[in-house]
Amino acid sequence: MLTRLRHAAVPALLLVLTACAADPGARPRWNQSPDADLGARASFGWADRAGQPPVTILDNQIRDAVRAGLLDKGYVESSDEPDFLVAHETVEQETLEQGSPVRIGIGLGSRGGNVGASVGTSMDVGSGERLKRRMVILIRALEPEDRREAWVGTTAAVPERPDGRAIDRAVSGVLRGFPNRDS
């Protein structure tokens, strides 16, 4: 009985490991300038959007999520001489995704009181390629005097047309790398 359970556990373990394998590039990332002490600053403002396309609904959702994240970290929003400016942009990416050529099947059966298990593989014969669109959000903290980048963060990939919750999750994920305000 124990041997049969071990044999059945192997395919289940393979399935779990395959499901857990994720794209390592799909994590939020951030980088801070070594000479920028953002935690010592108190206020933030928004970089001027002069000469850029109109503010979209998506821009407003991102701005609201960034604002909420920075307020949670102890910063205050200021339109009069802020300590740093915040800018954001979306970057759309298209990738050609290959379907996996290997399929794993698990089967159980019995005949005459015996129980058996099997694992099989097969090759993908159909078209395994598809165009996948995703979007990442870049958030920047800029020095107010010369607009030099003090901090930059990139969100994990979000769907091409994300809803508000996906934006909130992506922005809060990248803002984990933004320093809390020193009290």
Without swapping roles, check the side chain of W151 against the backbone of A36 for a donor-acceptor pair under 3.5 Å. no
Evaluate the side-chain proximity of D59 to H88: yes if any heavy-atom separation is below 4.5 Å, no if none is. yes
Run the side chain to side chain contact (heavy atoms under 4.5 Å, CB included) check on D64 and Q61 step by step: do they pass? CA-CA 5 Å; D64 289 345; Q61 289 174 327; 5.8 Å; no
Hey, any chance F84 and W46 share a hydrophobic cluster, counting ILVMFWY side chains that come within less than 4.5 Å of each other, even indirectly? yes
Give the intermediate values and the outcome of side chain to side chain contact (heavy atoms under 4.5 Å, CB included) for residues V86 and E77. CA-CA 10 Å; V86 178; E77 186 174 4; over 6 Å; no
Looking at every heavy atom in both S43 and S78, which two are closest together, and how far apart are they? CB-CB, 3.9 Å
Which atom pair, heavy atoms only, marks the closest approach of T155 to A170? CG2-O, 3.5 Å
So do V174 and I137 actually touch side chain to side chain, heavy atoms under 4.5 Å? no
Is the number of heavy atoms from other residues, nucleotides or ligands within 6.0 Å of CD (E81) greater than 12? no
Determine, step by step, whether V158 and T90 satisfy the side chain to side chain contact (heavy atoms under 4.5 Å, CB included) criterion, reporting the C-alpha distance in whole Å, the side-chain angles of both residues, the deciding distance to 0.1 Å, and the verdict. CA-CA 10 Å; V158 294; T90 58; over 6 Å; no
Residues that L71 engages under side-chain contact (heavy atoms from CB on, under 4.5 Å), provided they are two or more places apart: F44, R67
Minimal non-hydrogen separation, A65 against L175, with atom names: O-CD1, 4.4 Å
Mind checking whether L58 and M135 have side chains closer than 4.5 Å, heavy atoms only? yes
The criterion is salt bridge (Lys or Arg N to Asp or Glu O under 4.0 Å); which residues satisfy it with R148, sequence neighbours excluded? D35, D146
Side-chain touch Y75/L38, heavy atoms, less than 4.5 angstrom: yes
Heavy-atom closest pair, residues P144 and L85: CA-CD1, 4.0 Å
Atom pair CZ/CG of R169 and D163 - distance to nearest 0.5 Å: 6.5 Å
Does L70 belong to the same Ile/Leu/Val/Met/Phe/Trp/Tyr cluster as V152, with side-chain heavy atoms less than 4.5 Å apart forming each link? no
Are R41 and E143 ion-paired here, with the side-chain N under 4.0 Å from a carboxylate O? yes
If you measure from CD1 on I62 to CG on L138, what distance do you get to the nearest 0.5 Å? 10.0 Å
Quick check: closest heavy atoms across V136 and A157, and the distance to 0.1 Å? CG1-CA, 3.9 Å
Return the CG to CD distance between D37 and Q32, rounded to the nearest 0.5 Å. 7.5 Å
Kindly compute the distance separating CZ (R27) from OG1 (T154), expressed to the nearest 0.5 Å. 12.5 Å
What I'd like to find out is whether the side chain of F178 reaches to under 4.5 Å of the side chain of W30, using heavy atoms alone. no
Under 3.5 Å: donor-acceptor pair, side chain of D83, backbone of A42: yes
